Amino acid sequence: MFVRVHFWFPMLENPSLDFLQQILTDAAWPRFVLLLRWGFLIGLTWLLFRVRRESWKGLGDKSRPWMSRMWGFWLLLVFGLIGFRQAQWQLIGRRNEQFVSFMQRYDRREFNPAHRVRAGKILDRKGRVLADSRVTDQGLRRLYPYGPIMGHAIGYNHPLYGLTGLEAAARKTLLGKELESREDWEALGAELLHREKYVEGPAIRTTLDLGMQRRASELLGDRRGAVVVMEVKTGAILTLVSHPDYDPNRLYAGLFSGKTPDSPLLNRALAGQYPPGSVFKVLIAAAALQNGFTGTLDTPPEGFTTSVANPRIRDHEYYSAKEKGEIWRGHGRLDLGEALVSSSNVFFAQLGVQTGSENLWRACEAAGLTRSFYLWQGDEPTLQVKAAKIPNLRDSAPYQTAQFSIGQGELLLSPLQVTMICAGIANQGLVVQPTLNPNAMTQPLGRLCAPDSAEKLKWMMYNVVQKGTGRGMRMKELAVAAKTGTAQIGGGQASHSWFAGFAPVSEPRWAFCVLVEQGGYGSATALPIAREVMRSGIKEGWLKP
Amino acid sequence: MSAAKKKKASTPSKTAPRQSISLSGSILLLCAGMLLVLGVRANSGEMLRLFDLLPYLLWLMSAVLLVGLFRVGGYSGSTSFVELILLLSALGVLVRSRMEGSVEGLQGWSQLVQPLGFFWIGVAWVFSRKGRVNLLRFLWPFSFVASLAIVAGLVLFGNRFRGAFYGPGGLTPSELLKILVPLALAGFFASSNQKWEGRGFWNPPAGQMILLVMGWGTLCGLLVFQRDLGLLVLLSLMLVVMLIAVSRSWSWGVLLVAAVAGGGWLVMTYLDHGARRLEAWLNPFADPTGSGWQVLQGLSGLYAGGLTGTGLGAGRPDRLPIAGSDFVYAVYGEEVGYLGCLLLLLLFALLLRRCAGVANLQKEAFAGLFATGLTAVVAVQVVVNIAGVVTLVPVTGITLPYISQGGSSIWVTSIQFGLLLGMGEINVRKKK
């Protein structure tokens with residue numbers, strides 16, 4: 001100011017105002033500021049109410065009032081609208097969660113109360129805190145006490161990198177947006193009057209279990225893969241682990257550049273797309289049972305094909321025998337249960353072709369594989385499970401159907417979808433929508449098969465653990481029914497290792513699925529992880545042996 | 001002349017007793033605001049100097065001079081009208097002096113804007129009182145041609161004009177349209193107001209309507225060329241108000257709806273700039289760091305202010321782009337809070353009600369319509385600016401009269417107030 005004014009009036013003196021300076025910087029001044037602020041508002045009010053009401057009655061030419069009466073009404077209306085709209089931002093702006101997150105991210109006014117609006121805690125099913133808000137030197141920060149263990153399941157909320165996962169989907173609830181009860185309104189009033197206080201939104205509980213999640217994460221280690229455990233009746237997800245993971249407390253730009261080969265931000269449990277291999281035979285079996293399949297099929301040692309042009313589909317014993325220089329004599333005639341135990345490709349390729357592409361497609365639909373849904377019905381479309389990649393099956397192209405029936409070819413599923421198939425069989429054929437929200441209504445996705453077919457299939461899968469490829473899963477404390485899978489991915493790479501099933505057999509409560517990318521045999525790699533996760537579930541007290 | 005004086009002297013103002021204009025309220029308010037603003041500066045370590053008081057002292061001196069002029073000249077109109085104008089100008093001085101140094105575009109000389117504004121009030125008042133405003137009636141065709149010439153000049157020599165006049169101290173020439181166009185329309189309607197009377201939107205007087213559409217089309221076309229959407233909206237809304245006034249038929253409001261729909265469509269399809277503003281209005285969160293940035297920063301400021309504000313001087317207008325002109329209401333709202341904003345709205349409502357009342361006092365059709373037009377221009381500016389800040393309507397780039405920075409805007413508003421003050425004197429009415 002000094003310099004500028006002197007530019008215009010260089011001849012003038014500009015003495016300092018020591019007296020005023022002293023008053024204004026006095027220790028008592030802040031108290032006067034409050035007085036002055038209120039004095040300003042009250043004085044302005046007083047001045048406006050003091051404005052004399054001049055009466056212009058009888059002055060105007062009544063025949064020509066130039067519609068000047070209209071002004072009062074319209075001004076009142078328009079200014080009323082303005083005041084109303086302004087209040088929506090200025091007074092109850094905190095209810096607009098987009099607005100609050102904009103201010104938290106981009107508003108640099110340190111006194112803005114939005115910087116002190118804290119999102120509520122996220123809890124696991126036992127009430128352990130998975131995400132919390134703290135005030136740090138850099139302002140408000142979201143803290144994740146368990147770091148990478150929960151990264152994929154609940155996502156992150158970062159001032160720079162934004163929101164994702166449950167943090168995004170439950171944003172409004174976490175900020176306490178709803179104004180439903182009288183208490184909510186009272187809280188809003190208190191907020192407006194005491195603006196320096198920190199406000200925290202309500203906590204939300206999830207269906208996740210920290211103990212199982214941690215164990216699954218440990219067991220996967222630095223292998224790429226996913227572990228899912230879910231309740232068969234409600235769809236509540238207890239474990240949702242995807243590796244490689246990331247630490248939501250320590251995000252860095254490189255994560256988002258898309259150059260990391262392992263793509264740690266990809267939630268493989270939901271969004272990964274893998275050939276399911278033999279675990280898919282469970283669905284084929286359900287479809288066949290549903291369509292009245294009984295009896296046996298022959299499994300010749302030379303395998304099965306639909307035309308000479310196509311390579312033959314053989315059992316894996318054929319290859320292992322060939323390696324040893326022996327000759328594979330085939331399984332002979334098998335019924336469905338035996339075929340499941342020996343995981344015979346030849347049997348299921350035939351069974352699928354016999355069942356027909358139409359019925360197979362219907363089974364996929366009934367298992368909810370064609371549906372897209374969200375694990376948390378919320379404000380933002382995150383935690384989405386997309387429809388599986390299912391090839392367009394036709395009766396005129398039976399070889400494709402045959403490949404499809406052994407879980408190979410163009411078929412791609414996510415680990416969660418494999419879990420849903422198992423959950424359907426465990427839940428008397430009914431598939432329910434998986435969810436992370438314990439308060440969500442149970443949503444049926446479809447009926448995979450009739451209850452009696454499901455009952456039969458259940459014991460067949462139990463036999464897989466008792467006699468077949470899943471023998472490693474035999475445990476004293478828990479009777480498990482399951483199916484292994486070893487999905488070839490071609491290119492000379494190791495196969496994906498699958499293990500999926502449910503427990504306990506007599507009254508199933510949980511379905512689970514473990515996938516290890518390029519982990520080799522399902523029984524060797526995925527199975528031990530599943531076993532230990534089940535054990536940790538018993539230890540956490542969720543499953544009585 | 002002497003007859004008029006006699007009339008005035010003999011007029012017993014029973015209906016509106018003459019009272020002296022009181023400045024004390026505005027002065028007290030200004031002092032409170034000044035102490036708050038300077039307090040923040042002093043506490044941030046700045047050394048206060050005499051010239052920091054300059055804006056307030058200049059306001060005080062010029063306001064005293066203006067009130068003195070009214071007293072010497074025998075102002076016989078509404079005293080509260082003058083008081084409201086003074087109060088508003090005091091608030092404007094506070095907000096602008098508060099932004100000085102922290103907001104780009106405000107410089108030392110800008111303290112002279114408001115005092116000069118008072119000068120223009122005086123000039124316009126002296127000119128327009130005692131019925132002299134009716135002399136302007138026959139200038140209406142020239143006024144229209146001048147409007148066209150100004151816009152055409154801006155279109156042709158835009159850069160040169162901007163270079164020469166956008167700088168500090170100059171007049172943005174198109175601001176003059178806020179006086180010239182109401183004048184032209186008032187003269188046009190006054191010359192044929194019998195034909196318009198009682199004619200609705202559905203049966204307008206054909207010849208007059210054709211003239212109006214042609215004239216208005218030319219002006220609007222030029223304004224679109226010049227990309228001055230704000231002025232276009234402002235003048236069109238004023239036209240609707242004047243049509244309603246001259247015809248006394250609300251059916252002309254239909255034009256408003258049609259203009260909103262048609263204008264919105266035109267903007268969306270043809271003007272990039274306008275389309276972005278519309279999108280920013282419909283969903284500012286779609287592009288929060290781009291088109292929505294300015295509006296959202298303004299709203300953040302309002303939210304930060306809350307119910308009672310941070311106190312004058314304690315906000316952060318430097319966080320807000322174009323804080324000085326388009327978004328000055330957000331700065332004010334941040335510092336005096338929602339309550340202060342309601343009071344400002346009340347102040348504007350009272351002031352505009354008085355402006356509108358002036359039309360009621362006029363005997364001549366021209367003066368009545370001119371007063372209506374001037375009132376409409378001020379009212380539309382207030383409403384469109386504030387409604388834009390609170391996202392009730394898209395942001396149009398119209399300033400807030402008397403609060404926003406910018407010499408030309410304040411001076412033109414001063415002339416409008418001066419004209420209305422002169423027209424609103426009661427003794428003019430009593431002249432038979």
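None of the values given here were measured: they were computed from a predicted structure. Proteins get letters first, then strands, A, B, ... in listed order; numbering begins at 1 in each.
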Rounded to the nearest 0.5 Å, how far apart are [atom1] of [X] and [atom2] of [Y]?
X	Y	atom1	atom2	result
Asp18(A)	Arg49(B)	CG	CZ	9.0 Å
Leu312(B)	Leu36(A)	CG	CG	10.0 Å
Trp46(A)	Leu343(B)	CH2	CG	14.0 Å
Ile42(A)	Leu29(B)	CD1	CG	12.0 Å
Gln86(A)	Leu345(B)	CD	CG	6.5 Å

- Please determine, among Ala87(A), Gly39(A), Pro30(A), the option with the most heavy-atom pairs under 4.5 Å with chain B.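 Highest number of heavy-atom pairs under 4.5 Å: Ala87(A).
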
Quiz item: Do you know which of Phe99(A), Trp29(A), Phe84(A) has the most heavy-atom pairs under 4.5 Å to chain B?
Solution: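 Looking at each option in turn, the highest pair count goes to Phe99(A).
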
For a quick test of reading the model, state the closest non-hydrogen atom pair linking [X] to [Y] and the distance between them.
X	Y	answer
Ala379(B)	Trp71(A)	CB-CZ3, 3.7 Å
Leu48(A)	Leu346(B)	CD1-CD2, 3.8 Å
Ala304(B)	Pro113(A)	CA-CD, 3.8 Å
Leu48(B)	Gln21(A)	N-OE1, 2.7 Å
Val390(B)	Arg85(A)	O-CG, 3.0 Å

Heavy-atom pairs under 4.5 Å with chain A, option from [options] with the top count:
options	answer
Leu38(B), Leu342(B), Leu28(B), Thr310(B)	Thr310(B)
Leu296(B), Val389(B), Leu352(B)	Leu296(B)
Gly33(B), Gly301(B), Ala32(B), Cys31(B)	Gly301(B)

For [Y], does its backbone N or O pair with a side-chain atom of [X] as donor and acceptor, under 3.5 Å?
X	Y	value
Asp107(A)	Gln297(B)	no
Gln90(A)	Gly333(B)	yes
Glu83(B)	Leu47(A)	no
Tyr338(B)	Gly83(A)	yes

So, do [X] and [Y] sit near enough that their side-chain heavy atoms are less than 4.5 Å apart?
X	Y	result
Arg316(B)	Arg108(A)	no
Leu44(A)	Val336(B)	no
Phe285(B)	Asn96(A)	yes
Leu24(A)	Val40(B)	no
Tyr303(B)	Phe102(A)	no
Glu335(B)	Phe40(A)	no
Arg319(B)	Tyr106(A)	no
Thr308(B)	Trp38(A)	yes

Heavy-atom distance under 4.5 Å to chain A: side chain of [X], backbone, both or neither?
X	result
Val382(B)	side chain
Leu94(B)	side chain
Tyr329(B)	side chain
Leu87(B)	side chain
Leu350(B)	side chain
Leu91(B)	side chain

**Prompt:** Where do Arg109(A) and Ser300(B) land on the side chain to side chain donor-acceptor pair (under 3.5 Å) test, with the steps shown first?
**Reply:** CA-CA 9 Å; Arg109(A) 297 170 181 87; Ser300(B) 300; 4.8 Å; no

Is chain B contacted by the side chain of [X], its backbone, both, or neither, given a heavy-atom distance below 4.5 Å?
X	answer
Phe79(A)	both
Leu75(A)	side chain
Glu110(A)	side chain

One pair to check against side chain to side chain donor-acceptor pair (under 3.5 Å): Trp89(A) and Thr391(B). What are the steps and the verdict?
CA-CA 9 Å; Trp89(A) 297 108; Thr391(B) 69; 3.0 Å; yes

